[in-house]
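The structure appears below as structure tokens.
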Amino acid sequence: MHNIKDIRNDPKKFKDSLKKRFLDVDLENLLDLDQKNRKLIQEKEILEKEKKEISKTKNKDLFEKSKTISQKIETLEKDQKSTKNKLENILSSLPNIPNDDVPVGKDENSNLEISKNGAIPKFDFKPKSHFELGENLKMLDFELASKTTGSRFVFVKDKLALLERAISNFMLDVHINQNGYQEISPPLIVSESTMYGTGQLPKFENDQFEINFDEKEERKFLIPTAEVILTNMGKDKIFQLNELPLRLVASTPCFRKEAGSYGKDTKGMIRQHQFYKVELVSIVEPKNCLAELERMTNSATKILDLLKLPYRKIVLSSGDMGFSAEKTFDIEVWLPSENKYREISSCSSCGTFQARRMKSRYKNKNNETLFLGTLNGSGLAVGRTLIAILENYQQSDGSIIIPEVLKPYMNKLEKISKK
RNA sequence: GGAGAGAUGGCUGAGCGGUUGAAAGCACCGGUCUUGAAAACCGGCAAAGGGGCAACUCUUUCCUGGGUUCGAAUCCCAGUCUCUCCGCCA
């Protein structure tokens, strides 16, 4: 959510900033609504003051007048509220403004590679895809999932299920013990206002799983990422300075409809309706956002370093960034079967954009109440890490060597092979 | 699902028709003291919104939404949430 005052002060700058997102805002309308809103507030306040004074005098002769004033206030208030609503509806559907150092471009073609790490493995045979490997091992079962549930679901079985759990536990341990994050086991269901807070609603409703909970209550959704619930831990809260920075990590299932990706990645478990992800969230003073983004990204790449998986880091262009982000680094892992890098983590700073939506604030040194900065990043997507391990650690016989750091989590198992 | 109790500032907690935006304590910030810190003492400290270059000022807000009243944190109605007890249950 943008601050209307900033827009009012420098409308042109605001319009230009959103052009980087290839959006053309109707500023006229926005400013008109803002002006109308403020005018109505002023009129209302004059009457309110008058009414207040009458009641203070306790003069019975003026009581009738006070009644008529009340009626006028009521009409003004209705008008003002509806104007404010219109204004907020527009504001809440506008994305965050890209940071100055974000490359400007329409889509992923303008993303910039920043660094490459790790040696790409060489095979003296044609490397198989993760789904071939998994199905041959009889440890990935897509057919069964489509029978019980539908497309874009999978059964992970036996040693691969263990591997999936090992990956998740390993990541959690690194983030908790080495990177200074606090572990959270959060609700996987959130209310509508929580989804609004991080920006999933109102614009991206069609990618969310809404659940039928209780007609009378606020609408409820399955989380598309733990970012939603972790970031909202600061919802309607004013933090003391000594509570910051707050760094949180959770390993949770994520649920997405993947609307609009029909035909994309239909094979295998790259794109599923349900997947596990270890999520990092930081809540910080806004001035520390960009430094925290570097720190968070390093926390994520550390996992890949430890797993000895080759990856590259890229910075997303203005047109490719998510709705709430001001700057985003993607980390892409090497997938031998595709002969290219694929996204395994996305780390974003949202500045104060989300904090404004969920009223997440803190007291600074001067005791002023200000909006916080929020960041989120995958550390990492568990399903895709599983894929990357399968493909990068595969042997000619179809077995999978267990990465050194995961062995303690796998009962010292050395490799996964067909029974 | 049945029966009670409650919801007030960052937190704890008073107030129960008219200078109450709200006592007190804690936390926090500033100062005195101290080699430094702690303690002690002094001072400051709710939020949102409007007007103003600013000093400042005005309005709203005591869970939410209605109602009574000239006037509501305080009275009435509805709803939401939390807690306790009983039942059910992983």
Side-chain angles (χ1 to χ4, degrees), chain A residues 1-10 30-92 185-197 211 213-221 229 232-246 253 283-287 352-373:
Chain A
M1 181 80 98
H2 298 286
N3 187 353
I4 184 70
K5 282 184 194 164
D6 294 342
I7 301 174
R8 199 188 296 150
N9 287 340
D10 198 345
L30 202 61
L31 293 174
D32 277 354
L33 284 170
D34 175 45
Q35 200 164 32
K36 186 178 176 197
N37 179 237
R38 285 185 296 152
K39 200 188 106 214
L40 289 167
I41 288 173
Q42 284 173 43
E43 288 173 17
K44 189 178 75 156
E45 287 186 353
I46 289 168
L47 292 176
E48 276 167 347
K49 190 173 182 200
E50 198 178 338
K51 192 178 151 188
K52 208 174 181 177
E53 252 140 36
I54 290 176
S55 104
K56 262 190 196 159
T57 62
K58 299 183 198 172
N59 179 347
K60 281 183 183 150
D61 301 335
L62 294 170
F63 286 177
E64 270 311 305
K65 190 179 177 196
S66 179
K67 275 188 176 174
T68 56
I69 291 175
S70 293
Q71 284 164 4
K72 279 187 201 161
I73 290 177
E74 205 176 323
T75 344
L76 277 171
E77 197 167 62
K78 261 189 194 156
D79 201 4
Q80 191 265 119
K81 272 189 180 164
S82 101
T83 308
K84 194 171 177 211
N85 258 333
K86 280 182 204 159
L87 186 64
E88 291 203 326
N89 282 342
I90 297 174
L91 283 178
S92 67
S185 174
L188 306 179
I189 294 173
V190 293
S191 60
E192 185 177 11
S193 63
T194 300
M195 292 284 269
Y196 175 86
I211 60 170
F213 201 81
D214 186 338
E215 296 255 322
K216 283 188 296 187
E217 282 191 50
E218 199 181 343
R219 298 169 70 195
K220 300 263 192 283
F221 297 83
I229 186 80
N232 272 283
M233 284 172 72
K235 184 182 180 187
D236 291 320
K237 180 172 158 73
I238 300 178
F239 287 83
Q240 298 294 321
L241 206 47
N242 59 16
E243 295 176 86
L244 302 173
L246 186 60
I283 299 180
V284 303
E285 283 192 80
K287 64 173 180 240
T352 59
F353 186 84
Q354 292 179 324
R356 278 179 201 286
R357 292 179 152 246
M358 54 191 185
K359 300 191 170 46
S360 188
R361 292 162 293 176
Y362 76 108
K363 298 259 190 202
N364 73 359
K365 266 202 136 161
N366 304 323
N367 234 5
E368 296 162 313
T369 307
L370 302 169
F371 287 109
L372 282 158

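Each chain gets a letter, A, B and so on, in the order its sequence line appears, and its residues count up from 1.
- In this structure, A:Phe221 CZ and A:Leu188 CG are separated by 15.5 Å, a value rounded to the nearest 0.5 Å.
- Straight-line distance between the C1' atoms of B:C41 and B:C16: roughly 36 Å, to the nearest whole Å.
- What separates CG of A:Leu188 from P of B:A90 is a distance of 21 Å, to the nearest Å.
- Both distances falling under 3.5 Å, in either a Watson-Crick or a G-U wobble arrangement, occur for no nucleotide opposite B:C45.
- Here A:Lys86 contributes atom NZ and A:Thr83 contributes atom OG1; the two are 6.0 Å apart, rounded to the nearest 0.5 Å.
- What separates CD of A:Glu48 from P of B:G71 is a distance of 13 Å, to the nearest Å.
- Between the CG atom of A:Leu40 and the P atom of B:U60 there is a distance of 16 Å, given to the nearest Å.
- Atom CZ of A:Phe239 is separated from atom P of B:G10 by 13 Å (rounded to the nearest Å).
- Applying the 6.0 Å contact sphere to CD of A:Glu74 captures no more than 12 heavy atoms from other residues, nucleotides or ligands.
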Expected string for nucleotides 63-70 of chain B under the B/S/- scheme (protein heavy atoms, under 4.0 Å, primed atoms plus P, OP1, OP2 as sugar-phosphate) is -------B

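- In this structure, CG on A:Leu76 lies 6.0 Å from CG on A:Leu47, to the nearest 0.5 angstrom.
- Atom P of B:G13 sits at a distance of 14 Å from the matching atom of B:C63, rounded to the whole Å.
- Remark: B:A40 base-pairs with B:U32; criterion is Watson-Crick or G-U wobble with both hydrogen-bond distances under 3.5 Å.
- Environment of NZ in A:Lys359: sparse, with no more than 12 heavy atoms of neighbouring residues, nucleotides or ligands closer than 6.0 Å.
- Taking a pair to require two hydrogen-bonding distances under 3.5 Å in either a Watson-Crick or a G-U wobble arrangement, B:A27 remains unpaired.
- If you take atom C1' in B:U69 and the same atom in B:C77, they sit 16 Å apart, rounded to whole Å.
- With A:Ile73 as reference, A:Glu48 is the one residue of A:Gln80, A:Lys78, A:Glu48 to meet the side chain to side chain contact (heavy atoms under 4.5 Å, CB included) rule.
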Whether each nucleotide of nucleotides 41-50 of chain B has a protein heavy atom under 4.0 Å at its base (B), only at its sugar-phosphate (S) or at neither (-) is summarised, 5' to 3', as ---BSSSSBS

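- Nucleotide B:U20 forms a pair with no other nucleotide shown, judged by Watson-Crick or G-U wobble geometry with both contacts under 3.5 Å.
- In this structure, A:Lys52 reaches the sugar-phosphate backbone alone: every heavy-atom distance under 4.0 Å involves primed, P, OP1 or OP2 atoms, never a base.
- Across the P atoms, B:A14 and B:A24 are found 15 Å apart, a figure rounded to whole Å.
- B:C26 and B:C45 have their C1' atoms separated by 13 Å, given to the nearest Å.
- A distance of 9.0 Å separates CZ in A:Phe63 from CD1 in A:Ile54, rounded to the nearest 0.5 Å.
- A:Asn9 has its CG atom 12 Å from the P atom of B:C53, to the nearest Å.
- Within a 6.0 Å radius of CD in A:Glu88, other residues, nucleotides and ligands contribute more than 12 heavy atoms.
- Residue A:Leu47 contributes atom CG, which lies 14 Å from atom P of B:G71 at whole-angstrom precision.
- The neighbour count for A:Lys237 NZ, taken as heavy atoms of other residues, nucleotides or ligands under 6.0 Å away, is above 12.
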Run the salt bridge (charged side-chain N to carboxylate O under 4.0 Å, His left out) check on A:Asp32 and A:Lys36 step by step: do they pass? CA-CA 6 Å; A:Asp32 277 354; A:Lys36 186 178 176 197; over 6 Å; no

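- Base pairing of B:U74 is not made with any nucleotide, judged by Watson-Crick or G-U wobble geometry with both donor-acceptor distances under 3.5 Å.
- In this structure, A:Asp236 places its CG atom 18 Å from P of B:U61, rounding to the nearest Å.
- Nucleotide B:C53 has no partner under the Watson-Crick or G-U criteria, as no pair reaches both atom distances under 3.5 Å.
- Here, B:C81 and B:U8 have their C1' atoms 16 Å apart, quoted to the whole Å.
- Checking A:Gln240 against A:Lys365, the closest nucleotide of RNA chain B that is more toward the 5' end is the one next to A:Gln240.
- Using the Watson-Crick or G-U wobble rule with both distances under 3.5 Å, B:U82 pairs with B:A5.
- Taking a pair to require two hydrogen-bonding distances under 3.5 Å in either a Watson-Crick or a G-U wobble arrangement, B:U68 remains unpaired.
- Among residues two or more places apart in sequence or in another chain, the side-chain contact (heavy atoms from CB on, under 4.5 Å) test is passed with A:Leu246 by A:Gln182, A:Phe239, A:Leu248, A:Ile283.
- The gap from the C1' atom of B:C53 to that of B:A40 amounts to 44 Å, rounded to the nearest Å.
- With both ends at atom C1', the span from B:C83 to B:C42 equals 41 Å, rounded to whole Å.
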